[in-house]
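Below is one structure; the comments refer to it alone.
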Amino acid sequence: MFDWSLPDELALIVETTREFGRAHLAPHIREAESARGVAPEVSARFTETGLATLELPALLDGAQLGAVARALVNEELGAADPGAALALDPLGPAFYAVLEAGGEDAVREHLLPLLAKPGARAVLVSAHDALLDTHGGRLRGAVPWVPADRADLLVYVSDDEVVIAREGITAKPLRGAGLRAAGASELTVDAKAVARFLDGEAVGEALARARIYYASLLVGVLRQAAEASRLYAMSRVAFGKPIAHHQALAFLIADMRTAVDGARVLVHEAAWQLDEGGPAESLAAAAFAEAIEASTFVGPNGIQILGGHGFMQDYPLEKHMREARALGLLLGGFDAAREEAGAHLCATGAPVTLSVGER
């Protein structure tokens, strides 16, 4: 007999995150978008919950929980407000690159100081997002868009190196479409590299974990979009019955939920593989690609179910679709994820054994 229930510790963390999102994020989504950030009291409350140090090593006073815990927490935060979730996490996916390449000492030196600075943000940029010049001990170039209004620390990852910079990073605010609560800016970089690590394996692991981070936020957005569409269809009556009871819409709503559940299974499988220490770059890339693919189905169809209401800010569907599209652009988006998933699967001439989620 299979037991699919979560361990008590993870179940408590998920419930705590869900309640935090419902009480402090979801009721204020429009205010957070307008302010391009979360209120200081919300940030303080988030810190009190311990979620800000969820994956930080125990020796650095963190909970040292893994990718599965992060995926579960991010889904709940994504369901409430993914932009606010990014704004609340000062380290974000940049944490993975620093930890994998430089270990706990690098995290202590470069990332821990950010936890003491209100509103500080570490930003991860990959070579898929922008090609920066790393020669001469400096980091130079421009990053067209990052979901942040400031970058106190920039972590750049390419095929085989991780470069960290602090000074010489200028953020030009952009209006942005999705993830507005996180901010949006174009970065101009001409900075001295404060650390540089040559480690292709570390880069691969860091990108895998970053993709799970963003994919789990995306699953949360899609879950909420599918549920909001279902509730609307149950309340809207046409021809004497709720429109959800008409066959075409009933099938569509079921397909939307199936797409969300399928993406979640792949994300959880990849996260579990990461926690087990097995090779997970292909799984993580495939999970991110599947979540992005699901977003192109769930978002537009959610708008379609609501009709004209779907484009109005009185309803959350327009925001869900914007957030999903923005999340799907990170780390090179769908094309980069699909390419990397295929490259890892076909890296050797030996037959490939697919995991359950890839069949």
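- Taking the side chain as every heavy atom from C-beta outward, E201 and E100 never approach each other to under 4.5 Å.
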Take V73 and V14, measure what side-chain contact (heavy atoms from CB on, under 4.5 Å) needs, and give me the verdict at the end.
-> CA-CA 6 Å; V73 163; V14 169; 5.7 Å; no

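- Atoms CG and NE2, on L283 and H268 in that order, are 13.5 Å from each other to the nearest 0.5 Å.
- With values rounded to the nearest 0.5 angstrom, L60 atom CG is found 5.0 Å from E104 atom CD.
- Clustering ILVMFWY residues whenever any of their side-chain heavy atoms sit less than 4.5 angstrom apart, transitively, puts Y214 in a cluster other than the one holding L266.
- Taking a cutoff of 4.0 Å between a charged side-chain nitrogen and a carboxylate oxygen, E76 and R22 do not qualify as a salt bridge.
- Note on D190 versus R138: salt bridge recorded, some NZ/NE/NH1/NH2 to OD/OE distance being below 4.0 Å.
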Side-chain polar contacts of residues 296-317 - donor-acceptor pairs under 3.5 angstrom, sequence neighbours left out - could you list them?
residue, atom, partner, partner atom, Å
T296, OG1, E293, O, 2.6
N301, ND2, F297, O, 2.8
H309, ND1, Y232, OH, 3.0

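- Using a 4.0 Å cut-off between charged nitrogen and carboxylate oxygen, R30 and E318 count as a salt-bridge pair.
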Verdict with reasoning, D129 to S126, per side chain to side chain donor-acceptor pair (under 3.5 Å) = CA-CA 5 Å; D129 304 310; S126 78; 3.1 Å; yes

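- Considering only heavy atoms from C-beta on, V38 comes within 4.5 Å of L88 through its side chain.
- Taking 4.5 Å as the limit, some side-chain heavy atom of P173 sits within range of a side-chain heavy atom of R36.
- Side-chain contact between D81 and K319 is present, with heavy atoms from C-beta onward closer than 4.5 Å.
- A side-chain N or O of H110 and one of R166 form a donor-acceptor pair less than 3.5 Å apart.
- Counting heavy atoms of neighbouring residues, nucleotides and ligands inside a 6.0 Å radius, atom CD of E339 does not exceed 12 of them.
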R257/D255 under salt bridge (Lys or Arg N to Asp or Glu O under 4.0 Å): CA gap, chis, key distance, verdict | CA-CA 5 Å; R257 180 60 181 269; D255 288 343; over 6 Å; no

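- In this model, no donor atom of one side chain and acceptor atom of the other lie less than 3.5 Å apart for S282 and E340.
- Taking the charged nitrogens against the carboxylate oxygens, E205 and R209 do have a contact shorter than 4.0 Å, which makes a salt bridge.
- The side-chain heavy atoms of L115 and T47, taken from C-beta on, include no pair separated by under 4.5 Å.
- Of all the heavy atoms in S185 and D149, the pair that sits closest is OG-CA, 4.2 Å.
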Let me see the working for Q64 and L59 under side-chain contact (heavy atoms from CB on, under 4.5 Å), right down to the final yes or no.
-> CA-CA 9 Å; Q64 198 168 336; L59 290 176; over 6 Å; no

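- Under a 4.0 Å N-O distance rule, the pair K192/E167 does not qualify as a salt bridge.
- Side-chain heavy-atom separations under 4.5 angstrom define the hydrophobic clusters, and the remaining members of the one that includes V123 are V125, L131, L132, L139, V143, V146, L154, Y156, V163, I169, L187, V189.
- L252 CG to Q247 CD: the interatomic distance, rounded to the nearest 0.5 Å, is 12.5 Å.
- Inspection of the D89 and Y213 side chains reveals an N or O donor paired with an N or O acceptor under 3.5 Å.
- Two residues are said to be in side-chain contact when any heavy atoms from C-beta on lie closer than 4.5 Å; V68 and L10 meet this criterion.
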